[in-house]
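One structure is given here, and the rest of the page talks about it.
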Amino acid sequence: MHFDAIIIGGGAAGLFCAIEAGKLGRRVLVIERNAQVGRKVIISGGGRCNFTNLNVTAENFVSQNPHFCKSALARYTPQDFIDLVRKHKITFYEKKLGQLFCRESSLQIVEMLLAECRAAKVEIRTACSVEKVESRQNFVVTTSDGEFESPQLIIATGGSSFPKIGATDIGYRIASQFGLDVVRTRPSLVPLVFSGEGFRELAGISIDAFVTAGGKSFRENILFTHRGMSGPAILQASNYWDPDSPVSIDLLPETDARELLYRHRTDRKRLDNLLAEYLPAKAAERLFNADGSAKALFQMSEREIEIAVEKLDNWQVRFRETEGYDKAEVTLGGVSTGELSSKTLEAKKVPGLYFIGEVVDVTGWLGGYNFQWAWSSASAAAQSL
Ligand SMILES: Cc1cc2nc3c(=O)[nH]c(=O)nc-3n(C[C@H](O)[C@H](O)[C@H](O)COP(=O)(O)OP(=O)(O)OC[C@H]3O[C@@H](n4cnc5c(N)ncnc54)[C@H](O)[C@@H]3O)c2cc1C
């Protein structure tokens, strides 16, 4: 059997690349190790797949080269994907901040991709695991089902997160095998674990906060967990988190903390009781009266007031590690963008070898950006096959 291109990985990027290449008349084979394609799509967005974001810019991605994603994102836009979703009569809604979710089920996105694959005559082999790749005359892919050969090979094997649904590091290994640089990988869009003693008794409590890490700030909820913190603001910050630096949390993003405390400077009530009007009471007590020795506001010295203001405005929280790939939505790092053409995603040193989707060192924010990168990078590669 002859194929113009073999795509390893039947996830978002692999399927979409196959569709776009198939529409251009290429004979394409997709190889997927799971029995079912698109398993990450199915579990994404809490089962509703946040398939894109209305406000996609290069600013929403982390990469050693922040400009790399621009070309692909400009050529296949969120509107292009929305048009496809509409063509398939999938109803969707904007949840918040431009995030588009299926109204019914993420399965509809997989069904849409499979219908498009059928129309583009894409061949898909599931339950077929790639074991190794060699470059002879063509690329030779050894799988659990035997060998396949083609002049062009697209690596769409995703990142290492959620290994229980099929993620492997084979994409990074293939890059290294061909002498391509891989930017150090780590779990991201992931809950963080406190250094030292935590706030176990606050597990389950969420607070609207302004979280800053690595110079980027996010205004969304933080959520205390048994070991650390989660919630959208912390997941977003995890993309920028440096283990050696604390994360800054503004607990009262809507309120001027200094003005509030000085306005109540002569009150007979305790600080934690005042703050219970602005924060969940349990959090106010644990964070501002942990040992039960909090004074009434009128008894607090100016220095004590200032310490409280600092903690409200700029609470410095140290995290020791992430909750790991089992809980991470994505993998930060990946195949270095310096090794790839931003126009075609082809490896500069290895003609015919492409890397698309999450395996590349382009990581989006939470909110549909990672799928948009999968669609856009897949489309960019497909145009040049
Ligand atoms: C719980 C969760 C929720 C998420 N929700 C969202 C969301 O709502 N919106 C959003 O934008 N992003 C979301 N993401 C991130 C998003 O799912 C990924 O960024 C996206 O799926 C990446 O697409 P990909 O095609 O590059 O990789 P994947 O979708 O991971 O596909 C890679 C495929 O390669 C296959 N594969 C791996 N190794 C081999 C091998 N050796 N042989 C054959 N096949 C192999 C895998 O089985 C997999 O099917 C979520 C992630 C998780 C884990």
Side-chain angles (χ1 to χ4, degrees), residues 46 50 53-55 57 59-60 93-101 189-192 194 198-199 201-225 228-241 245-290 294-319 365-369:
N50 178 192
N53 192 295
L54 293 171
N55 312 311
T57 69
E59 293 279 296
N60 308 111
Y93 68 105
E94 180 182 348
K95 193 169 179 186
K96 58 176 178 176
L97 308 168
Q99 302 167 3
L100 300 189
F101 284 75
L189 298 185
V190 64
L192 299 174
F194 290 126
F199 299 89
E201 60 278 43
L202 297 184
I205 288 180
S206 74
I207 298 176
D208 171 23
F210 197 70
V211 176
T212 304
K216 283 276 177 193
S217 301
F218 298 93
R219 165 81 189 274
E220 284 199 70
N221 278 352
I222 57 171
L223 171 71
F224 286 90
T225 65
M229 278 187 188
S230 184
I234 292 295
L235 299 189
Q236 298 283 29
S238 70
N239 265 351
Y240 296 90
W241 173 63
S245 306
V247 169
S248 162
I249 302 180
D250 179 348
L251 291 165
L252 295 180
E254 290 289 327
T255 309
D256 179 336
R258 179 170 285 103
E259 190 279 326
L260 174 72
L261 296 201
Y262 279 96
R263 181 153 41 91
H264 290 273
R265 186 83 175 82
T266 55
D267 283 12
R268 305 195 77 79
K269 76 168 70 136
R270 283 198 328 250
L271 173 64
D272 56 311
N273 287 337
L274 170 68
L275 292 176
E277 294 167 27
Y278 296 83
L279 297 170
K282 219 168 157 185
E285 188 188 351
R286 174 65 181 83
L287 297 176
F288 293 91
N289 189 16
K295 298 177 188 166
L297 278 141
F298 81 95
Q299 291 172 315
M300 288 174 74
S301 68
E302 193 162 327
R303 194 177 127 68
E304 286 167 330
I305 294 270
E306 285 302 324
I307 290 170
V309 168
E310 177 68 10
K311 187 161 178 182
L312 287 164
D313 277 350
N314 180 24
W315 184 26
Q316 300 279 299
V317 183
R318 285 197 179 270
F319 295 102
W365 290 6
L366 190 74
Y369 301 99

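The structure displayed is predicted, hence computed values, not measured ones.
Without hydrogens or angle criteria, Glu94 side chain to Gly98 main chain gives a donor-acceptor distance under 3.5 Å. Looking at Asn50, its side chain does come within 3.5 Å of a backbone N or O of Leu100 through a donor-acceptor pair. At least one donor-acceptor pair under 3.5 Å links the side chain of Lys282 to the backbone N or O of Glu201.
Counting heavy atoms from C-beta outward, Leu279 and Phe288 have side chains that approach closer than 4.5 Å. The closest side-chain heavy-atom distance from Leu189 to Asn239 is below 4.5 Å. In this structure, Glu310 and Glu306 have side chains that are not in contact, with every pair of non-hydrogen atoms separated by 4.5 Å or more. The closest side-chain heavy-atom distance from Leu312 to Leu275 is below 4.5 Å. Side-chain contact between Gln299 and Arg268 is absent, with no heavy-atom pair separated by less than 4.5 Å. The closest side-chain heavy-atom distance from Val211 to Ile234 is below 4.5 Å. By the 4.5 Å heavy-atom criterion applied to side chains, Pro191 and Met229 are not counted as neighbours.
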Checklist entry - Leu261 and Leu274: side chain to side chain contact (heavy atoms under 4.5 Å, CB included), yes or no, with the steps? => result CA-CA 9 Å; Leu261 296 201; Leu274 170 68; 3.8 Å; yes
Checklist entry - Taking it one step at a time, do Arg286 and Ile205 satisfy side chain to side chain contact (heavy atoms under 4.5 Å, CB included)? => result CA-CA 12 Å; Arg286 174 65 181 83; Ile205 288 180; over 6 Å; no
Item to check | Derivation of the side chain to side chain contact (heavy atoms under 4.5 Å, CB included) call for Asn60 and Asn53 | outcome: CA-CA 10 Å; Asn60 308 111; Asn53 192 295; over 6 Å; no
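Smallest separation of non-hydrogen atoms from Ala283 and Ile207: CB-CD1, 4.0 Å. A pairwise comparison of heavy atoms in Leu235 and Val190 identifies CD2-C, 3.3 Å as the closest pair. Between Leu366 and Gln99, the shortest heavy-atom distance links the atoms O-NE2, 4.3 Å. Heavy-atom minimum distance, Phe210 versus Pro253: CB-CB, 4.1 Å. What you find for Arg318 and Pro246 is that their closest heavy atoms are NH2-CD, 3.6 Å. Here the closest heavy-atom approach between residue Gln316 and residue Ser248 is recorded as NE2-CB, 3.7 Å.
In this structure, CG on Leu202 lies 10.5 Å from CG on Leu223, to the nearest 0.5 angstrom. Taking OH of Tyr278 as the start and CG of Asp208 as the end, the distance is 14.5 Å to the nearest 0.5 Å. Taking CG from Asn55 and CH2 from Trp365, the interatomic distance works out to 10.0 Å, rounded to the nearest 0.5 Å. The line from OG1 of Thr212 to CZ of Phe218 is 9.0 Å long, rounded to the nearest 0.5 Å. Taking CZ of Arg263 as the reference point, atom CZ of Arg258 lies at 14.0 Å (rounded to 0.5 Å). Atom CG of Leu287 is separated from atom CG of Asp272 by 10.0 Å, given to the nearest 0.5 angstrom.
Under a cut-off of 6.0 angstrom, the local environment of CD in Glu59 is sparse, with at most 12 non-hydrogen atoms contributed by other residues, nucleotides or ligands. Shown here is Glu302, whose CD atom has no more than 12 heavy atoms of other residues, nucleotides or ligands within 6.0 Å. The local environment of NZ in Lys269 is crowded, with over 12 non-hydrogen atoms from other residues, nucleotides or ligands closer than 6.0 Å.
In this model, no donor atom of one side chain and acceptor atom of the other lie less than 3.5 Å apart for Glu285 and Asn289.
The pair Glu254-Arg219 counts as a salt bridge, with a side-chain nitrogen and a carboxylate oxygen less than 4.0 angstrom apart.
In summary, the aromatic rings of Phe194 and Phe319 are positioned with their centroids under 6.0 Å apart.
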